[in-house]
Amino acid sequence: FNKPQLQALDTNLSCTVEAGAGSGKTRVLVYRYLNLLIERDATPAMIAAVTFTKKAAGEMKDRLAEALNHLYLQTGEEKWLSFADQLDDSSIGTIHSFCSNIISKFPFQANVDPSFQVIEPWEMDNLLNRFTNKFIENIIQEKASEKIQAMYLYLNLNLSSWFTII
């Protein structure tokens, strides 16, 4: 480990680990997580590890499971196997999954519909397009000026070819 990575392993500090691909972020986070379990007598339910991607979260869980199984083989302590089993339900994931988990547990306090769902970016694009089209249709139905109607027709007919040109 280099000096900044060693600092990130210090369980007396909160930390954010930012670095480029292949720099050892996941390795550092796995060791930090293990240090929290060992030095702080924490459990997976007490730790939040937030990553940028689902892939990184999955990789972190896989490496932690491997390390916890290794600790069990070294020590014979059942708690390491128990911790490995708890990883699937732990707070290791993206910021979206972390926040979604909290909101799903406290929807009324968050003033959110209990049946909410986190949507993917492509779903957001579809919703935005549908909303924009509906908004413009409503303007036209409300006897909008001829200029607005002409603009809508132009956009509706030419927008796809305009994006193709770009």
Side-chain angles (χ1 to χ4, degrees), residues 1-135 159 162-164 166:
F1 291 107
N2 61 34
K3 187 175 180 178
Q5 289 173 328
L6 287 172
Q7 289 174 328
L9 296 177
D10 184 350
T11 60
N12 293 311
L13 305 170
S14 292
C15 76
T16 300
V17 177
E18 296 180 83
S23 60
K25 292 182 301 293
T26 303
R27 180 173 168 246
V28 168
L29 289 173
V30 166
Y31 274 86
R32 179 177 174 82
Y33 197 103
L34 292 171
N35 282 348
L36 289 167
L37 295 175
I38 295 166
E39 295 173 6
R40 296 296 185 122
D41 205 27
T43 65
M46 300 165 74
I47 303 170
V50 180
T51 65
F52 284 104
T53 66
K54 292 177 185 177
K55 180 181 175 186
E59 186 176 329
M60 188 172 173
K61 284 183 181 182
D62 290 345
R63 290 189 191 183
L64 278 167
E66 185 178 319
L68 291 167
N69 285 321
H70 184 72
L71 278 171
Y72 167 71
L73 292 175
Q74 283 186 323
T75 66
E77 292 181 51
E78 293 287 328
K79 73 176 184 179
W80 304 121
L81 285 181
S82 174
F83 288 169
D85 289 340
Q86 295 172 36
L87 289 176
D88 284 337
D89 297 324
S90 67
S91 292
I92 299 174
T94 64
I95 189 68
H96 294 91
S97 65
F98 179 73
C99 292
S100 175
N101 187 30
I102 292 171
I103 292 170
S104 67
K105 290 178 181 173
F106 305 101
F108 298 108
Q109 294 87 337
N111 198 25
V112 173
D113 183 333
S115 63
F116 84 96
Q117 293 180 340
V118 176
I119 62 173
E120 297 294 330
W122 63 268
E123 293 173 302
M124 183 64 194
D125 290 342
N126 288 343
L127 284 173
L128 185 58
N129 287 336
R130 286 183 17 217
F131 171 79
T132 303
N133 286 336
K134 191 69 171 168
F135 177 76
L159 198 55
W162 183 74
F163 279 115
T164 306
I166 293 175

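This chain uses plain numbering: 1 for the first residue, then up along the sequence.
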Practice task
Quick one: do Arg40 and Asn12 satisfy side-chain contact (heavy atoms from CB on, under 4.5 Å)? Show the steps, please.
Solution key: CA-CA 9 Å; Arg40 296 296 185 122; Asn12 293 311; 2.5 Å; yes
Practice task
With Tyr33 as reference, evaluate Leu37, Leu36, Val30 under the side chain to side chain contact (heavy atoms under 4.5 Å, CB included) test and give the passing residue.
Solution key: Leu37
Problem - Minimum-distance pair of heavy atoms, taken over all atoms of Val17 and Ala8 - result: CG2-CB, 4.1 Å
Exercise for the section: Report the distance from atom CZ of Arg130 to atom CG of Asn133, rounding to the nearest 0.5 Å. Expected result: 10.0 Å
Problem - Side-chain (Lys25) to main-chain (Gly20) donor-acceptor, under 3.5 angstrom - result: yes
Completion exercise
d(Thr53 OG1, His96 NE2) to nearest 0.5 Å is 12.0 Å
Problem - Neighbour count above 12 (heavy atom, 6.0 Å) for Asn111 CG - result: no
Handout entry: Residues, nucleotides or ligands: over 12 heavy atoms within 6.0 Å of Glu66 CD
Key = no
Practice task
Check each of Lys61, Arg63, Lys55 against Glu59 using the salt bridge (charged side-chain N to carboxylate O under 4.0 Å, His left out) test, and report the only one that passes.
Solution key: Arg63
Problem - Separation between CH2 of Trp122 and CG of Leu127, rounded to the nearest 0.5 Å - result: 9.5 Å
Completion exercise
The reported gap from CZ in Phe83 to CD in Gln86 (rounded to nearest 0.5 angstrom) is 6.0 Å
Fill in the blank from the handout: Scanning both residues in full, the closest heavy-atom pair of Pro107 with Pro114 reads CB-CA, 3.8 Å
Problem - Heavy-atom donor-acceptor pair, Thr75 side chain to Leu71 backbone, under 3.5 Å - result: yes
Handout entry: Nearest atoms (heavy-atom pairs only) where Phe52 meets Thr94
Key = O-CG2, 3.9 Å
Handout entry: Contact summary for Ile92 and Ala57, nearest pair of heavy atoms
Key = CG2-O, 3.9 Å
Problem - Ser97 backbone acceptor or donor facing Asn101 side chain under 3.5 Å - result: no
Handout entry: Heavy atoms from other residues, nucleotides or ligands near CD of Gln109 exceed 12 (cutoff 6.0 Å)
Key = yes
Problem - Separation of Arg32 CZ from Gln5 CD (nearest 0.5 Å) - result: 13.0 Å
Practice task
For residues Ser100 and Phe116, report the shortest heavy-atom separation together with the two atoms involved.
Solution key: O-CZ, 3.5 Å
Handout entry: Straight-line distance of Thr26 OG1 to Leu64 CG, nearest 0.5 Å
Key = 10.0 Å
Handout entry: Residue Lys79 excluded, over 12 heavy atoms near NZ under 6.0 Å
Key = yes
Problem - CZ (Phe106) with more than 12 external heavy atoms under 6.0 Å - result: no
